[in-house]
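Have a look at this one.
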Amino acid sequence: MNREEIEALRERVSCAAVLEKAGFAIDVKESTRRAMKFRRGSEIIIVTHQGRGWFDPLSDAKGDVFGLVEHLDHVGFLEGAGRVAGLVGFAITEPELQRQRPDQEYDLSLPERWQARRRPWPGSSTWGYLYGERFLPARLLRAAIRQDRLREGPYGSMWATHTDNAGTVTGWEARGPEYRGFASGGTKVLFRLGPDTALRLAVTEAAIDAMSLAAIEGLRDGTLYLSTGGGWSPSTEAALREMASRPDVLLVAATDANPQGEMFAERLRGLADDTGCDWSRLRPSEEDWNETLKIREKEKRQRKEGGVPHSRRPRQGKLRPAEPALDPAGRDAGGLGGVMKD
């Protein structure tokens, strides 16, 4: 089979045909014309690019129609290409995908739309994305779910809620394997993880970074982990200013280690000066906190899976919690090279 024949097959055979032939069924309620969701038992495949591409929201697997056959049937390229050729002319079922009108979408308020979504659970698409791709530990995810900070978004994405200082849902950051955005009709204020009464306010640029820093610090006592959602809206500034005006507050600029992160840090420094609260700069060792966490968690999981001798914790009473990222006496915790260590 030459290159021209391969390209012709790629154009003529849809990934949806492969899935339907393999016993998958389309989930009409979770599908759009741009992204069709197929299920077979607990397996999920999302078809994109008008049927020419696909990805598995529960793993890193993705590709074209040939890669899909290899993924499903565990065969090599040549055998897979032969099976694709056998599907030329295969008629797929095309259900009518009802597109929701804007007036229907906004019949529900933002809090009602939030409550209508399920919380993530071990084995769900969102859990698989956050634990498998973002390397957020299960303990941290359970803490965020207990505080009602996460919801299952469509196509394997997560919703991370933004609330105002009264606790009202104003929107949510949406992140997934192939999606990034914010709630339609919503307002960026702050994602929050931790006690509202905390006096140490660690401000990041994304909810995933806020959760990553919380995981690195072991959910440090007295800390509220925050995300601006990558913006600096008047609502965000007003909420931060109100919290920073309380006595004994420490405002920690835990933004990215790049020029944009430095710009956000300077804004936070200015806000701290205006309100009279203390201020500190905390930088990740990588560009952001999730990349820093990934490196740590990958090493931990590799050691665990590799069966390193003496890797099991001894049974000798209660152990110390994970060491937090340190805020030294000075106001600049860590240079561009990374977080300060013991």
* To do: Output, in order, the C-alpha distance, side-chain angles, deciding distance and verdict of side chain to side chain donor-acceptor pair (under 3.5 Å) for R192 and Y225.
  => CA-CA 6 Å; R192 306 160 194 251; Y225 298 93; over 6 Å; no

* Asked: Same cluster or not: are L293 and I295 linked, directly or through other Ile, Leu, Val, Met, Phe, Trp or Tyr residues, by side-chain heavy atoms under 4.5 angstrom apart?
  ->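 No: no chain of side-chain contacts under 4.5 Å links L293 to I295.
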
* Can a salt bridge be assigned to the pair D64 and R52 using a cut-off of 4.0 Å between side-chain N and carboxylate O? ->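 Result for this pair is no, no salt bridge flagged.
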
* Report the C-alpha distance between R83 and E70 in whole Å, list the side-chain angles of each, state the deciding distance to 0.1 Å, and finish with yes or no for salt bridge (charged side-chain N to carboxylate O under 4.0 Å, His left out). => CA-CA 10 Å; R83 297 185 186 189; E70 293 177 55; over 6 Å; no

* Nearest-0.5 Å distance, CD1 of residue I145 to CG of residue L140 ->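 Here the rounded value is 10.0 Å.
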
* Asked: Hey, which of R118, E152, R119 is the one that makes side-chain contact (heavy atoms from CB on, under 4.5 Å) with S124?
  ->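 Output: one option passes, namely E152.
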
* To do: Might you confirm whether atom CG of D148 has over 12 heavy atoms from other residues, nucleotides or ligands at distances under 6.0 Å?
  =>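 Counting neighbours around CG of D148, more than 12 heavy atoms of other residues, nucleotides or ligands fall under 6.0 Å, so yes.
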
* **W289 to A254 - nearest heavy-atom pair and separation** =>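 Closest approach of W289 to A254: NE1-O, 2.8 Å.
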
* Asked: When rounded to the nearest 0.5 angstrom, what is the spacing between CZ in R175 and CG in N290?
  ->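 The CZ atom of R175 sits 11.0 Å away from the CG atom of N290.
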
* Examine H71 together with W54 and report whether their ring centres are nearer than 6.0 Å. =>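 Yes - the distance between ring centres of H71 and W54 falls below the 6.0 Å cut-off.
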
* To do: Check the hydrophobic clustering (I, L, V, M, F, W, Y; side-chain heavy atoms under 4.5 Å; chains of links allowed) and say if F191 and F182 are grouped together.
  =>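 Cluster IDs for F191 and F182 differ.
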
* Measure from NZ or CZ of R281 to the centre of the six-membered ring of W279 and say whether it is under 6.0 Å with the direction within 45° of the ring axis. =>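 Not flagged: R281 not positioned over aromatic ring of W279.
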
* Asked: If you round to the nearest 0.5 Å, how far is OG1 of T292 from CD of E287?
  ->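 The CD atom of E287 sits 10.0 Å away from the OG1 atom of T292.
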
* To do: For residues A160 and A207, report the shortest heavy-atom separation together with the two atoms involved.
  =>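 Distance-wise, the nearest heavy atoms are CB-CB, 3.5 Å.
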
* Asked: How far does NE2 of H162 sit from CG of L226, to the nearest 0.5 angstrom?
  ->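 The CG atom of L226 is 9.5 Å from NE2 of H162, to the nearest 0.5 Å.
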
* Within 6.0 angstrom of R40 CZ, more than 12 heavy atoms from elsewhere ->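 Result for CZ/R40: enclosed.
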
* Asked: Checking side-chain contact (heavy atoms from CB on, under 4.5 Å) against V203, which of V252, L224, L282, L240 comes through?
  ->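 Only one of V252, L224, L282, L240 forms a side-chain contact (heavy atoms from CB on, under 4.5 Å) with V203, namely L240.
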
* 4.5 Å side-chain heavy-atom contact, I46 and M36 ->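 Answer no - side chains too far apart.
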
* Asked: Salt-bridged, E286 to K294, with N to O below 4.0 Å?
  ->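 Result for this pair is no, no salt bridge flagged.
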
* To do: Kindly give the heavy-atom pair with the smallest separation between L110 and S184, and that separation in Å.
  =>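 Heavy atoms only, the tightest pair is CD2-O, 4.2 Å.
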
* R246 side chain vs A198 backbone, donor-acceptor pair below 3.5 Å ->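 Flag set: sc R246 to bb A198 pair under 3.5 Å.
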
* Asked: Parallel, tilted or perpendicular: which describes the rings of W114 and W172, with under 30° parallel and over 60° perpendicular?
  ->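 Tilted: the ring planes of W114 and W172 meet at 30° to 60°.
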
* Asked: Got more than 12 heavy atoms from elsewhere within 6.0 Å of CZ, R139?
  ->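 Count not over threshold, so no.
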
* **CA sep, side-chain torsions, deciding dist, call: S245, E242, side chain to side chain donor-acceptor pair (under 3.5 Å)** => CA-CA 5 Å; S245 298; E242 181 180 332; over 6 Å; no

* To do: Might you point out which heavy atoms bring A138 and W127 nearest each other, and give the distance in Å?
  =>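 Minimum heavy-atom contact is CB-CZ2, 3.8 Å.
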
* Asked: Should I44 and W121 be regarded as members of a common hydrophobic cluster, given that ILVMFWY residues are connected when their side-chain heavy atoms come within less than 4.5 Å of each other, either directly or indirectly?
  ->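 I44 does not cluster with W121.
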
* Asked: Of the non-hydrogen atoms in T126 and G153, which two are nearest, and what is the gap between them?
  ->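 Looks like OG1-N, 3.7 Å.
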
* **Cationic N near anionic O, under 4.0 Å, R200 to E217** =>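 Salt bridge flag = yes for E217 with R200.
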
* To do: Please answer: with hydrophobic residues joined when any side-chain heavy atoms are less than 4.5 Å apart, are W159 and L141 in the same cluster?
  =>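 The answer is no; the residues belong to distinct hydrophobic clusters.
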
* Spell out, yes or no, whether F24 and V84 are grouped together once hydrophobic residues are joined by side-chain heavy atoms under 4.5 Å, including indirect joins. =>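 F24 and V84: one cluster.
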
* Asked: Backbone N or O of Q260 within a donor-acceptor pair of the N258 side chain at under 3.5 Å?
  ->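 Yes, N258 side chain to Q260 backbone: donor-acceptor pair under 3.5 Å.
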
* **Side-chain donor or acceptor of T168 paired with backbone N/O of D164 under 3.5 Å** =>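 A pair under 3.5 Å: no.
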
* Give a yes or no on whether Q50 atom CD has more than 12 heavy-atom contacts from other residues, nucleotides or ligands under 6.0 Å away. =>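 No, CD of Q50 has 12 or fewer neighbouring heavy atoms, counting only those of other groups under 6.0 Å.
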
* Rounded distance [0.5 Å steps], OG in S280 versus CG in L268 ->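 S280 atom OG to L268 atom CG measures 11.0 Å (nearest 0.5 Å).
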
* So, T48 side chain and A35 main chain: donor-acceptor pair closer than 3.5 Å or not? ->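 Flag not set: sc T48 to bb A35 has no pair under 3.5 Å.
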
* Atom pair CZ/SG of R241 and C277 - distance to nearest 0.5 Å ->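 The CZ atom of R241 sits 10.0 Å away from the SG atom of C277.
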
* Asked: Where do S235 and T187 come nearest, in terms of heavy atoms and distance?
  ->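 Scanning both residues completely, I find the closest heavy atoms to be OG-CG2, 3.8 Å.
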
